[in-house]
There are 2 protein chains.
Amino acid sequence: MRKANSTNSINETRLHLLCGMSHALSVIGGRWKASILFSLTDGRKRYSELRKDIPGVSERMLVAQLRELEADGLVERTVFPEVPPRVEYALTDFGRSTQPMLREISAWGAKHRKG
Amino acid sequence: MRKANSTNSINETRLHLLCGMSHALSVIGGRWKASILFSLTDGRKRYSELRKDIPGVSERMLVAQLRELEADGLVERTVFPEVPPRVEYALTDFGRSTQPMLREISAWGAKHRKG
DNA sequence: CAGAATCCAAAATGATACTG
DNA sequence: CAGTATCATTTTGGATTCTG
């Protein structure tokens with residue numbers, strides 16, 4: 001019978017924590033994902049609005065990160081069949097569920113960086 | 001007189017959040033940093049113990065990430081002037097301050113990954 | 001307008017052999 | 001034991017040009 005604090009169960013707990021961490025970071029850890037997520041907090045935005053709203057992103061990266069967020073279910077993409085084309089992005093409920101976590105990370109970072 | 005919810009103040013708030021995020025991720029976002037931090041939660045460890053405790057790290061990466069954590073003040077490194085050499089790593093108070101954040105990230109990730 | 005495609009640079013990570 | 005040094009590879013980000 002194994003003790004509750006045996007090396008094995010410590011490792012199992014840690015493994016579980018680490019899997020969660022690495023999954024979470026793969027979802028929200030991209031270079032521009034937090035920017036996108038924060039920007040969409042205001043409400044749905046067009047592609048061009050996101051570009052203006054996030055100074056410094058290249059088109060390539062903005063699209064890439066949006067596609068990943070979409071694939072992970074945080075962001076919903078709506079294409080309007082018009083000419084010229086219009087595409088809007090919005091947070092899903094799942095996307096909104098990241099906000100407490102995002103805020104906690106931001107708060108820790110803001111509190112502890114120097115300058 | 002500027003309205004409280006003007007575009008500018010929204011951007012300032014967001015900018016502040018983003019600075020915090022990016023700083024926090026630069027501190028805890030490395031490939032092995034969470035593993036190290038979680039491992040040291042048990043108490044101080046020798047270099048060789050960390051290696052055993054973190055399957056898959058290369059020596060190069062373990063040292064590199066430990067040095068970064070040390071530079072950022074999360075981890076304290078103690079060298080014992082013995083032969084053979086002995087070096088121990090431990091969390092600082094600042095390092096321990098990451099734990100609520102780390103747990104929240106882990107919890108979100110564990111809750112929302114499939115399978 | 002909203003991107004796709006292509007090419008390239010830089011950073012992060014890894015494998016492995018060697019050393020005080 | 002606790003690293004360092006070196007080289008290879010993978011991942012990530014960016015600039016630019018083109019298109020339905």
Side-chain angles (χ1 to χ4, degrees), chain A residues 18-19 21-40 43-72 74-91, chain B residues 18-19 21-40 43-72 74-91:
Chain A
L18 288 172
C19 287
M21 262 295 283
S22 90
H23 179 247
L25 289 182
S26 81
V27 171
I28 61 156
R31 174 86 172 70
W32 303 99
K33 288 183 180 177
S35 301
I36 295 170
L37 262 11
F38 282 134
S39 173
L40 291 178
R44 50 199 308 112
K45 298 260 177 81
R46 299 181 61 161
Y47 175 79
S48 52
E49 293 178 293
L50 284 171
R51 287 209 60 192
K52 277 177 236 157
D53 214 32
I54 305 174
V57 232
S58 64
E59 300 184 343
R60 197 173 91 66
M61 285 311 297
L62 180 54
V63 175
Q65 305 259 301
L66 281 168
R67 291 293 136 84
E68 288 186 20
L69 289 170
E70 193 191 354
D72 288 326
L74 307 202
V75 159
E76 182 191 38
R77 176 173 179 264
T78 310
V79 180
F80 296 85
E82 306 172 355
V83 179
R86 181 157 67 102
V87 178
E88 287 185 358
Y89 294 90
L91 290 182
Chain B
L18 288 171
C19 287
M21 265 293 284
S22 90
H23 179 247
L25 290 181
S26 80
V27 171
I28 61 156
R31 174 88 173 71
W32 302 100
K33 287 183 180 177
S35 302
I36 295 170
L37 262 12
F38 282 133
S39 172
L40 290 178
R44 52 198 310 111
K45 300 257 178 81
R46 299 181 62 159
Y47 175 80
S48 52
E49 293 178 293
L50 285 171
R51 287 211 60 192
K52 276 177 237 156
D53 214 32
I54 305 174
V57 234
S58 65
E59 301 185 342
R60 200 175 88 67
M61 285 311 299
L62 180 54
V63 173
Q65 305 258 303
L66 281 168
R67 291 292 136 86
E68 289 185 21
L69 290 169
E70 192 190 357
D72 287 326
L74 307 202
V75 160
E76 182 192 38
R77 177 174 179 265
T78 310
V79 182
F80 295 86
E82 307 170 358
V83 179
R86 181 158 67 102
V87 177
E88 286 186 359
Y89 293 90
L91 290 182

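What you see below is based on every heavy atom in this structure, not just the backbone, and it leaves out hydrogens, waters and symmetry mates. Bear in mind the structure is a predicted one, so any value in this text is a computation, not a measurement.
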Confirm from the modelled atom types if A:Arg60 and D:dG13 form a donor-acceptor pair under 3.5 Å, side chain to base only. yes

Looking at C:dC1, C:dT13, D:dG3, which one has an atom nearest to any side-chain atom of A:Arg46? C:dC1

In whole angstroms, the gap separating C1' of C:dT13 from NZ of B:Lys33 amounts to 13 Å

Within this structure, what is the CE-to-P distance between B:Met61 and D:dA5, rounded to whole angstrom? 16 Å

How close or far is atom C1' of C:dG20 from atom OH of B:Tyr47, stated in whole angstroms? 15 Å

How many whole angstroms separate atom CG of A:Leu62 from atom C1' of D:dA15? 16 Å

I want to verify a distance call: between D:dC1, D:dG3, C:dG3, whose nearest atom is closest to the A:Arg67 side chain? C:dG3

Nearest-Å distance, CG (B:Leu25) to P (C:dA11)? 18 Å

Are the side chains of A:His23 and A:Val27 in contact, using a 4.5 Å heavy-atom criterion? yes

Scan B:Phe80 against the nucleic acid and name what it touches under 4.0 Å (heavy atoms): base, sugar-phosphate only, or nothing. nothing

Are B:Ser48 and D:dA2 close enough that a side-chain N or O sits under 4.0 Å from OP1 or OP2? yes

What's the CZ-P distance between A:Arg86 and C:dA2, to the nearest Å? 9 Å

Round to a whole Å and report the spacing from CG of A:Leu66 to P of D:dG13. 14 Å

Measuring to OP1 and OP2 of D:dG13, would you say a side-chain N or O of A:Gln65 lies under 4.0 angstrom away? yes

Between CZ of B:Arg51 and C1' of D:dT4 the distance, given in whole Å, is 13 Å

Report yes if a donor N or O on one partner sits less than 3.5 Å from an acceptor N or O on the other, where the partners are the side chain of B:Glu59 and the base of D:dA2; otherwise report no. no

Compare the minimum distances between each of D:dG13, C:dG3, D:dA2 and the side chain of B:Val87, then state the nucleotide with the smallest one. D:dA2

